[in-house]
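Contents: one structure, followed by commentary.
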There are 2 protein chains.
Amino acid sequence: MPLFMSKYTNKVDGKGRVSVPSQFRAALPSGFQKSIVMYQAVNHGAIECCDLLHIEKVNDSLEGFAPYSDEHDEFSLALMSGLTELCFDGNGRIILPQDLMEYAGIMNLATFAGKGKTFQIWEPAAFNRELDIARHKVKEKRDLLKFRLKTTEGTIKDGS
Amino acid sequence: MPLFMSKYTNKVDGKGRVSVPSQFRAALPSGFQKSIVMYQAVNHGAIECCDLLHIEKVNDSLEGFAPYSDEHDEFSLALMSGLTELCFDGNGRIILPQDLMEYAGIMNLATFAGKGKTFQIWEPAAFNRELDIARHKVKEKRDLLKFRLKTTEGTIKDGS
DNA sequence: TCAAAACCCATGGTATTCCATTTAAAGGAT
DNA sequence: ATCCTTTAAATGGAATACCATGGGTTTTGA
């Protein structure tokens, strides 16, 4: 499974265009390489991004709720209405929506930060601050991370 | 699988015409791109919309009830009699029915909000209020959402 | 006959596509 | 390792196509 990793800072032009790093584009699942989906990150002033396949899985999981239930209504509205699908132009660029740029405080530069199955887009200075904080948190809590091993059956169990 | 996502606010002209966002029209299943079906949202003062294929599936699911049972009677009547099918004009617009506009409190602007397999049409201010509520509910209930993984056989089982 | 709906065309703005240039990375040879 | 060549990626700007919107005209059906 290809993962989003490393970080890249690219320019945002007057139209709001940015090049998505080619490594990130290459990490998109086959059949889903035409676009990415983005939304406000829940815990930070940043843009969170993933591929459309990931969104389809989330949507499928909504079927766990009865179709006319309050929960289905609340989750589908809150999750799906906030999404934006952006297709790449011929050069691998997207146009950042105005509201998301403002939410993240992005002006002329955008930092793409890999997070594994997703990645984020930050205003560069804000990203550096947050990265610093995250590293300190990880130092404190490092013992909490446990490796999980995949068995051949595809199920998951705790490793040693 | 195409999904309705993101949100768009369009004008309603004097004739009650609105452009359905092109992204939503493009998300309609092939063979069902001439019209959409709408009805009063069950839980809110909003218009709920979907494609005709979706309605056919809902209708199929009514066969889970015995043909002359009370439930079959109640559900089929309640769900199907309130539906309105609206065809697009040459520019991708529909004419909102008067009663549904009043039910949703829509005057000059209409907000289209994607919900995955369906979407809703709201009076813009009412939508913003409801979105805020829905987001809070989701934060409280977020543990209820369980990812569901499709197996290669096409059946669905709970994942971890 | 009248109003509502369907159809048609025109416009302005926005988003998409295309091409040209610059910059950076990768590979080979000295 | 250094320099040069080659390729790919990122950037800038212009041309094009699409879409939302407004208005008008014809058709439909009550």
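Each chain gets a letter, A, B and so on, in the order its sequence line appears, and its residues count up from 1. Heavy-atom basis, side chains included; hydrogens, waters and symmetry copies ignored.
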- Nearest-Å distance, NZ (B:K11) to C1' (C:dT11)? 13 Å
- Interface limits on DNA chain D, where chain A has a heavy atom under 4.0 Å of a nucleotide atom: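 On DNA chain D, the outermost contacted nucleotides are D:dA9 to D:dA14.
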- Item | Within residues 103-118 of chain B, residues whose heavy atoms come under 4.0 Å of DNA chain D |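 Nothing qualifies; none.
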- Query: Which atoms form the tightest heavy-atom contact between B:A113 and B:W122, and what is the distance?
  - Reply: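 So the minimum-distance heavy-atom pair works out to CB-CD1, 4.5 Å.
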- Query: With sugar-phosphate meaning primed atoms plus P, OP1 and OP2, does A:S22 contact a base, only sugar-phosphate, or nothing at under 4.0 Å between heavy atoms?
  - Reply: sugar-phosphate
- Pairs touching residues 35-46 of chain A that satisfy side chain to side chain donor-acceptor pair (under 3.5 Å), sequence neighbours left out: A:S35-A:E85, A:H44-A:E130
- Do any pairs count as a salt bridge (charged side-chain N to carboxylate O under 4.0 Å, His left out) and have a residue in residues 132-142 of chain B, sequence neighbours left out, and if so which ones? A:E71-B:K141, A:E74-B:K137, A:E74-B:K141
- Sorted by first residue and then second, give each salt bridge (charged side-chain N to carboxylate O under 4.0 Å, His left out) pair with at least one member in residues 30-52 of chain B; sequence neighbours left out.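 Salt bridge (charged side-chain N to carboxylate O under 4.0 Å, His left out) check on residues 30-52 of chain B returns B:E48-B:K115.
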- By nearest-nucleotide position on DNA chain D, the 5'-leaning member of A:T9 and B:V12 is A:T9
Hydrophobic cluster mates of [X], side-chain heavy atoms under 4.5 angstrom, ILVMFWY only, any path?
X      : result
B:M107 : none
B:V20  : B:F4, B:Y8, B:V12, B:V18, B:F24, B:L28, B:I36, B:M38, B:I47, B:L86, B:F88, B:I94, B:L96, B:L100, B:M101, B:I106, B:F112, B:F119, B:I121
B:Y103 : none

- Message: Restricting to salt bridge (charged side-chain N to carboxylate O under 4.0 Å, His left out), what partner residues turn up for A:D70, sequence neighbours left out?
- Response: none
- Set of side-chain contact (heavy atoms from CB on, under 4.5 Å) partners for B:K15, sequence neighbours left out: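 If we apply the side-chain contact (heavy atoms from CB on, under 4.5 Å) test to B:K15, skipping adjacent residues, the hits are B:D13, B:R17.
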- Item | Qualifying residues under side-chain contact (heavy atoms from CB on, under 4.5 Å), relative to B:K7, sequence neighbours excluded |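 Applying side-chain contact (heavy atoms from CB on, under 4.5 Å) to B:K7 gives B:F127.
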What nitrogen or oxygen pairs link the protein and nucleotides 14-21 of chain C at under 3.5 Å?
| from | atom 1 | to | atom 2 | distance (Å) |
| --- | --- | --- | --- | --- |
| C:dC19 | N4 | A:N91 | ND2 | 2.9 |

